[in-house]
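As a basis for the values below, the full set of heavy atoms in this structure was taken, side chains included, without hydrogen atoms, waters or symmetry mates. Source: prediction; values computed, not measured. Numbering of residues begins at 1 and proceeds along the displayed sequence. As the structure lists them, so they are numbered: ligands from 1, and atoms in each ligand from 1.
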Amino acid sequence: MALKKSHMVLVLLGFFLVGLAQLSAGAESAAEKFQRQHMDTEHLTANNSNYCNLMMKARNMTTDRCKPINTFIHEPKEIVDAVCQEENITCKNGQTNCHQSSSPLILTQCTESGASQFPNCLYDTTYLNNPIIVACEGDVYVPVHFDAYV
Ligand SMILES: *[C@@H]1O[C@H](CO)[C@@H](O)[C@H](O)[C@H]1NC(C)=O
Ligand SMILES: *[C@@H]1O[C@H](CO)[C@@H](O)[C@H](O)[C@H]1NC(C)=O
Ligand SMILES: *[C@@H]1O[C@H](CO)[C@@H](O)[C@H](O)[C@H]1NC(C)=O
């Protein structure tokens with residue numbers, strides 16, 4: 001009887017571990033989050049003044065609240081990933097895994113406008129062409145955080 005009980009515990013533990021593994025497989029990695037929030041390779045630039053209203057929603061940055069500021073990068077992924085190969089500089093938070101692009105990139109800055117009120121998030125769309133600073137992490141060393149444009 002005692003043996004059966006311990007078997008039952010093992011089976012339950014097994015279910016629990018499988019569940020945990022599925023949860024973590026479903027979770028978005030920091031690199032994936034960067035892609036969702038900051039990369040737009042489909043548009044060469046913001047296509048109109050409504051761009052940020054559409055894109056902030058499409059990229060799930062207005063789901064729980066209106067994310068106040070967000071920058072989209074309109075450059076190929078290889079160009080943005082390569083910024084991680086530039087020399088290390090200090091990030092705004094003091095970490096030293098930031099890197100600045102050697103040339104300006106085509107960007108769109110989305111800034112929440114005065115009339116915006118969750119869940120009706122409204123944004124101003126600003127066209128920019130500036131070098132960027134990103135934080136990078138991982139075995140495959142790729143961008144995980146947009147620190148600034150300069
Ligand atoms: C701009 O791009 C969005 C998203 O792809 C699209 O829904 C919209 O129709 C485009 N607007 C124009 C004027 O091309
Ligand atoms: C946004 O969230 C919805 C619902 O959770 C999901 O289906 C969709 O894939 C997400 N979009 C992006 C760009 O992550
Ligand atoms: C500096 O950048 C390299 C990659 O170029 C990275 O592996 C390393 O973690 C960074 N160093 C620090 C102290 O952040």
Side-chain angles (χ1 to χ4, degrees), residues 11-150:
V11 167
L12 287 178
L13 184 65
F15 278 129
F16 176 72
L17 289 177
V18 167
L20 263 189
Q22 280 173 346
L23 264 185
S24 62
E28 185 180 47
S29 72
E32 286 164 349
K33 185 176 179 185
F34 180 90
Q35 296 295 314
R36 173 171 61 84
Q37 297 199 324
H38 301 294
M39 290 297 289
D40 181 13
T41 54
E42 273 168 46
H43 304 91
L44 297 176
T45 182
N47 59 353
N48 61 61
S49 61
N50 206 28
Y51 175 87
C52 285
N53 292 330
L54 295 175
M55 283 295 288
M56 292 299 287
K57 189 162 190 227
R59 298 300 184 86
N60 289 344
M61 285 180 273
T62 62
T63 313
D64 308 320
R65 57 165 198 149
C66 309
K67 186 181 180 186
I69 293 184
N70 188 70
T71 309
F72 287 103
I73 309 168
H74 308 278
E75 302 281 354
K77 184 172 186 294
E78 307 80 71
I79 301 269
V80 179
D81 285 353
V83 175
C84 294
Q85 305 309 316
E86 301 291 340
E87 68 185 26
N88 297 51
I89 59 172
T90 304
C91 313
K92 282 179 185 165
N93 70 1
Q95 284 182 242
T96 53
N97 62 327
C98 273
H99 306 267
Q100 180 175 329
S101 66
S102 57
S103 49
L105 306 183
I106 298 172
L107 309 173
T108 302
Q109 168 98 337
C110 299
T111 312
E112 195 179 5
S113 64
S116 175
Q117 196 167 22
F118 182 80
N120 301 311
C121 304
L122 294 173
Y123 290 90
D124 294 327
T125 296
T126 309
Y127 304 80
L128 296 172
N129 190 15
N130 295 66
I132 61 168
I133 297 173
V134 292
C136 305
E137 270 176 22
D139 294 336
V140 182
Y141 196 67
V142 292
V144 293
H145 163 73
F146 187 96
D147 210 44
Y149 61 81
V150 291

Within reach of ligand 3, part of H99 (heavy-atom separation under 4.0 Å): side chain
For residues D40 and H43, report the shortest heavy-atom separation together with the two atoms involved. OD2-ND1, 2.7 Å
The salt bridge (charged side-chain N to carboxylate O under 4.0 Å, His left out) partners of D81 (sequence neighbours excluded) come to K77
Give the minimum heavy-atom separation between Y127 and S49, together with the two atoms involved. OH-N, 4.4 Å
Is there any N or O on T96 that sits under 3.5 Å from an N or O of ligand 3? yes
Restricting to non-hydrogen atoms, name the atom on T108 and the atom on H74 that form the minimum distance, rounded to 0.1 Å. OG1-NE2, 2.6 Å
What do you reckon, C91 and C98 SGs under 2.5 Å? yes
Where ligand 3 meets N97 - atom numbers and elements under 4.0 angstrom, heavy-atom basis: 14 (O)
Does NZ in K67 sit with more than 12 non-hydrogen atoms of other residues, nucleotides or ligands closer than 6.0 Å? yes
Polar side-chain atom of N88 near backbone of N97 as donor-acceptor pair, under 3.5 Å: no
Between the protein and ligand 2, which nitrogen or oxygen pairs come in under 3.5 Å, and how far apart is each?
{"from": "ligand 2", "atom 1": "2 (O)", "to": "N60", "atom 2": "OD1", "distance (Å)": "3.3"}
{"from": "ligand 2", "atom 1": "2 (O)", "to": "N60", "atom 2": "ND2", "distance (Å)": "2.3"}
{"from": "ligand 2", "atom 1": "11 (N)", "to": "N60", "atom 2": "ND2", "distance (Å)": "3.0"}

